[in-house]
Amino acid sequence: MNEVRTRFAPSPTGFLHVGGLRTALYAYLYARKHGGKFVLRIEDTDQSRLVEGAVENLIATLRWAGLDFDEGPGKGGQFGPYVQSENLPRYKQYAEQLIEAGHAYYCFCTPERLDILRQHQTAAKLPTRYDLHCRKLDLEEAKKRVAAGEKYVIRMKVPMTGELTFNDLIRGNVTIAYKNIDDQVIMKSDGFPTYHLAVVVDDHHMKISHIIRGEEWLPSTPKHILLYQYFGWEMPLIAHLPLLLNPDKSKLSKRQGDVAVEDYRDKGYLKEALVNFIALLGWNPGDTREVFSLEELVQEFSLERVGKSGAVFDVEKLKWMNEQHMRLKTDDDMLELVKPILKEKHWGAFSDDYLKQIFGLMRERVKFPQDYVETCSYLYKDPHSFDEAAKAKSWTEQTPVLLQALLERYKNLEIFDAAAVERELRKEAEKQQINAGKFIHPLRLVLTGVAVGASLFHLIEILGKETVVRRMEFAIKNF
Ligand code: GLU
């Protein structure tokens with residue numbers, strides 16, 4: 001078999017859709033598993049949809065996810081250009097070749113005419129499609145009109161009767177009747193090809209062996225197959241991935257949640273978790289395992305295990321997946337994730353050792369890297385607000401006196417660790433003949449500003465004597 005070459009061919013619309021990431025991931029996994037190449041191609045033939053910076057953003061997002069491509073924009077490769085707008089003469093040449101061979105024709109129908117046609121068809125409850133008006137034109141006549149500067153598009157001819165059957169690696173044989181396929185425009189009046197011509201020309205020239213793409217392209221496949229036949233080229237193998245669905249089984253949409261990979265990244269989802277979660281949207285390993293690294297996915301992936309039915313994008317599952325991957329992170333990995341968050345907040349510099357102690361304290365309580373910062377800001381700075389309800393519950397007239405006594409004990413401690421601070425607190429409670437809770441609850445409030453959190457004595461050890469004494473003195477004086 002020839003080398004496996006897959007591609008991801010997004011249109012640069014401004015962000016990477018999670019469905020796009022799934023397509024890219026499967027194409028990447030398939031290529032890597034078979035020792036092949038993964039190509040990135042930018043399909044920017046629709047000039048009206050261009051968004052500034054979209055290509056750079058797309059590449060940065062793919063890189064963030066860990067999907068390195070072997071050939072593509074900025075990377076180069078033997079089969080470029082990898083951006084379609086840089087390849088216009090080639091598409092034009094192929095469109096003209098189809099005209100000469102009688103497989104395509106110039107069409108001069110104006111948008112107004114097509115509009116009226118559509119309105120009539122809609123009113124008559126007919127399918128809206130081109131009425132082949134220009135298909136009958138004499139080619140020499142048409143060429144004269146083109147030479148005279150008349151506006152035109154080029155349409156491919158689709159047989160008027162019969163049907164086409166092709167094999168999809170996921171769906172098996174798929175049959176579509178020609179009567180349901182329009183004479184598709186392949187070159188637009190602005191000189192740009194449409195997606196249909198460009199995708200076929202590029203997949204052929206880039207020697208793509210397997211086309212892996214979303215189900216929404218399935219109805220277009222017969223047009224592409226016809227083009228391969230007209231050119232006399234071998235058709236790559238093709239696989240259409242199942243749709244992504246909202247929990248209510250409608251097509252995944254922005255209205256029901258985030259659809260941009262960047263949104264999940266910015267919310268603190270780990271790339272490992274997102275990639276793992278996305279991998280399972282349509283594919284399964286054949287057993288109950290769910291947590292995979294990218295390398296493991298490469299080993300395990302196969303198109304045979306991709307299903308036909310839509311896959312529900314369940315954010316709760318994604319959160320769960322994030323927790324699983326958070327647990328797999330080493331302290332050093334976590335430092336890399338947490339330090340930039342702290343830096344952005346300008347909360348000051350903390351040593352790696354200090355941060356690692358925080359990881360130890362909070363590990364069971366966090367779901368996202370930013371939780372190491374946001375759910376325990378008191379580990380980085382003195383609290384400046386205090387939970388009023390908790391204060392009302394735990395603070396009595398006697399509390400400052402009790403805390404003062406405890407403070408004296410703490411000041412005298414030489415070894416200020418969790419065991420020592422707990423021992424001293426219990427001793428003082430015994431001395432005062434009161435429940436230890438009378439110390440513990442106000443002390444937590446004074447040190448953290450809130451009523452619940454990680455183990456108090458360990459927290460005190462991490463904060464250190466100086467900070468604990470300062471916060472206690474402040475509360476005794478000001479509460
Ligand atoms: N440019 C198409 C898209 O944006 C690619 C479809 C295909 O992979 O053939 O999804």
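In this chain, residues are counted from 1 in sequence order. For ligands, and for the atoms within them, numbers begin at 1 and follow the listed sequence. No hydrogens, no waters, no symmetry mates; every other heavy atom, side chains included, goes into these values.
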(message) Heavy atoms only, cut-off 4.0 Å: how does Phe8 contact ligand 1, side chain, backbone, both, or neither?
(response) neither
(request) Measure from the ring center of Tyr30 to the ring center of His210 and say whether it is less than 6.0 Å. (result) yes
(message) Between Asp131 and Arg118 (salt bridge meaning N to carboxylate O under 4.0 Å), is one present in this structure?
(response) no
(message) For atom 9 (O) of ligand 1, what's the nearest protein heavy-atom neighbour? Residue, atom name and distance, please.
(response) Tyr195 OH, 2.6 Å
(message) Would you say Gln47 and Asp190 are linked by a side-chain donor-acceptor pair, where the criterion is simply a distance under 3.5 Å?
(response) no
(message) Between Asp203 and Arg41, does any NZ, NE, NH1 or NH2 come within less than 4.0 Å of an OD or OE carboxylate oxygen?
(response) yes
(message) So is Glu216 touching ligand 1 or not, going by heavy atoms under 4.0 Å?
(response) no
(message) Under the salt bridge (charged side-chain N to carboxylate O under 4.0 Å, His left out) test against Asp183, which residue among Lys136, Arg135, Arg155, Lys223 passes?
(response) Arg135
(request) Report, in ascending order of atom number, the atoms of ligand 1 lying under 4.0 Å from any heavy atom of Glu43. (result) 1 (N), 2 (C), 5 (C)
(message) Taking the ring of Phe69 and the ring of Phe8, is the distance between their centroids below 6.0 Å?
(response) no
(request) With heavy atoms of Val199 as the reference, note each atom of ligand 1 found under 4.0 Å away. (result) 9 (O)
(request) Considering heavy atoms of the protein only, find what lies nearest to atom 8 (O) of ligand 1 and give residue, atom and distance to 0.1 Å. (result) Arg7 NH1, 2.6 Å
(request) Considering heavy atoms of the protein only, find what lies nearest to atom 5 (C) of ligand 1 and give residue, atom and distance to 0.1 Å. (result) Ala9 O, 3.1 Å
